[in-house]
Amino acid sequence: MGKLNLQNLKKDLEDKQKPTIGDFEANIGEILAKALEGKKINVEEAYQLINLDFKHLPVLMATANLLKFKGKKDKVSFSKKVFIPLTNLCRNACKYCGFRLEPSNKKAGFLTPKQVLEIAEKGKKMGCNEALFTLGEKPEEKYGEAKIQLKRLGYNTTIEYLYDMCKTVFEKTGLLPHSNPGVLTIEDLRDLREVNLSLGLMLENVSSRLCEKGGPHEFSPGKNPKIRLETIENAGKLNIAFTTGILLGIGETPEEIIDSFNVLREIHEKYQHLQEIIIQPFMAKKGTPMENHPEPSWFTLLKTVAVARIFFGSNMNIQVPPNLTKPIIDLLPYAGINDWGGVSPITPDHINPEKPWPKLYELKEITQNCGFVLKQRLPIYPEYVKEKLWFIPEKFKDTVFERVDSEGYVKNGDI
């Protein structure tokens, strides 16, 4: 990623405890003042913010930080998890993906139920609460080999197998499943809601242009934004606590970032089910078609995070993965985030295995040094435990309430 003068930025942030509207053209100052008053900024105003240059970053971040304090106080959360890569076969062929394998690869295939439970048991022993199931999307629709492997396991589809593994992991280990299986029908969503405390699907970007010839999603039918948005909206109709976000730096324009934020905000306003917005930076992977594609600069990431906070307001949970952002990890809490996502003490990030998780004591130290308090949460956020109980599937209610404190965070979850 591009270089950022961290020392100068930290000094600027110390000097600007509050936004100085006089530093801006009048209309930009008005936009930030409007946001600080709790009013919703519109798309055109967000376009202006996302196109600001580096000299404006400290005030953008200060505005975002004040909004974050308004809604989330001094807390930054995370979920202690194990990462279960159920299958690395996938019908999509995203040009940046290093997780997906062709069936001809000896390492390609499905985990067995025994392997799934072994991972989950290790997580239980380490005090994890979340079982994150990550998997390729509907590989049986593309590969006969995937159909054969599923048949050997006793299933017709990947979703059927995922359902049983989520159910088994919860019943045998008590870990709370959160699955990211790709696009889903409303029937799939309804079924998986029974055995998942929350579900997720990254929008990545609303631009269909990225699916055209030469784009990163040219060979990925499941990355059509219309299909992904249908899944995200159907999750809202079914009262599923849902995770989504954007993948930053895959060829989108600044305006397409805002367009993506806007469609997600509109859906959330209907259903109130988007429990977090993830800003995930693109990581170039060796051996992929995009191995030489430039990663987003740290400036672009910090600005995008700050604008996300300003656009979504004080109550949305804004997340950035800590293992993908280590050079600026001690700046991110000032940019408006209030969550680090899932962090595992035992399993790697199988999507980005070259980027190890920070140790939990390191994450606590970083968070505290920024003046914030690190809090452990479940795969469902505290406000859904405290205020939106209809989002918790019946199967999990007793377990959830047993594990949380009066604020909705994990009881005795201090590091």
Side-chain angles (χ1 to χ4, degrees), residues 78-90 99-101 103 105-140 145-182 184 188-189 191-200 241 243 341-353 356-357 360 376-380 392-400 402-403 410 413:
F78 79 102
S79 176
K80 193 174 181 180
K81 72 178 182 186
V82 288
F83 199 126
I84 303 176
L86 193 65
T87 181
N88 48 24
L89 296 170
C90 185
F99 175 75
R100 172 190 177 275
L101 295 177
N105 191 307
K106 292 181 180 179
K107 296 181 180 179
F110 290 80
L111 295 181
T112 65
K114 181 180 178 183
Q115 289 172 318
V116 169
L117 276 175
E118 285 175 352
I119 296 170
E121 288 289 356
K122 289 178 183 177
K124 179 182 179 180
K125 289 177 182 177
M126 291 295 293
C128 297
N129 278 294
E130 177 180 352
L132 170 66
F133 284 87
T134 296
L135 54 150
E137 182 180 286
K138 301 178 181 179
E140 67 275 11
E145 295 91 335
K147 287 183 179 180
I148 292 169
Q149 290 188 39
L150 283 166
K151 284 289 186 183
R152 287 174 182 163
L153 291 165
Y155 300 90
N156 292 315
T157 70
T158 301
I159 298 302
E160 288 177 5
Y161 185 41
L162 173 64
Y163 178 97
D164 271 8
M165 290 302 95
C166 291
K167 183 173 183 288
T168 298
V169 163
F170 176 65
E171 291 177 351
K172 295 196 173 182
T173 71
L175 295 188
L176 298 163
H178 170 91
S179 296
N180 295 320
L184 299 166
D188 291 338
L189 284 164
D191 289 343
L192 289 176
R193 186 187 190 275
E194 297 176 8
V195 293
N196 281 269
L197 185 55
S198 56
L199 290 165
T243 290
V343 178
S344 179
I346 54 172
T347 50
D349 177 353
H350 289 280
I351 306 299
N352 300 283
W357 307 110
L360 293 180
Q376 186 182 162
R377 61 169 174 82
L378 298 179
I380 194 167
I392 304 176
E394 198 64 36
K395 183 183 187 75
F396 300 107
K397 283 185 177 178
D398 288 345
T399 301
V400 167
E402 286 170 4
R403 294 188 188 179
V410 172

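What's counted below: heavy atoms across the whole structure, side chains too, no hydrogens, waters or symmetry copies. Along the sequence shown, the residues carry numbers beginning at 1.
Annotation: Lys397, atom NZ; neighbour count of heavy atoms from other residues, nucleotides and ligands within 6.0 Å is above 12.
When side chains are defined from C-beta on, Glu194 counts as touching Tyr163, because their heavy atoms get closer than 4.5 Å.
Checked by atom type and distance alone, the side chain of Lys80 pairs as donor or acceptor with a backbone atom of Met126 at under 3.5 Å. Ser179 places no side-chain N or O within 3.5 Å of a backbone atom of Pro181 that could act as its donor or acceptor partner. Of the possible polar contacts, none joining the Glu137 side chain to the Gly182 backbone as a donor-acceptor pair under 3.5 Å is found.
Asn156 and Lys147 form no side-chain donor-acceptor contact under 3.5 Å, judged by distance and modelled atom types alone.
Expressed to the nearest 0.5 Å, how far CG of Leu89 lies from CD of Gln149 amounts to 6.0 Å. Between the CD atom in Glu118 and the OG1 atom in Thr112 there is a gap of 7.0 Å [rounded to 0.5 Å]. Arg100 CZ to Asn105 CG: the interatomic distance, rounded to the nearest 0.5 Å, is 10.5 Å. Leu132 contributes atom CG, which lies 8.5 Å from atom OG of Ser79 (distance to the nearest 0.5 angstrom).
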Verdict with supporting geometry, Lys395 and Glu171, salt bridge (Lys or Arg N to Asp or Glu O under 4.0 Å): CA-CA 10 Å; Lys395 183 183 187 75; Glu171 291 177 351; 3.3 Å; yes
side-chain hydrogen bond (donor to acceptor under 3.5 Å, both in side chains) between Thr158 and Glu140, worked out: CA-CA 7 Å; Thr158 301; Glu140 67 275 11; 2.7 Å; yes
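Residue pairs meeting the side chain to side chain donor-acceptor pair (under 3.5 Å) criterion with at least one member in residues 341-353, sequence neighbours excluded: Lys285-Asn352, Asn323-Asp349, Ser344-Thr347, Asp349-Asn352.
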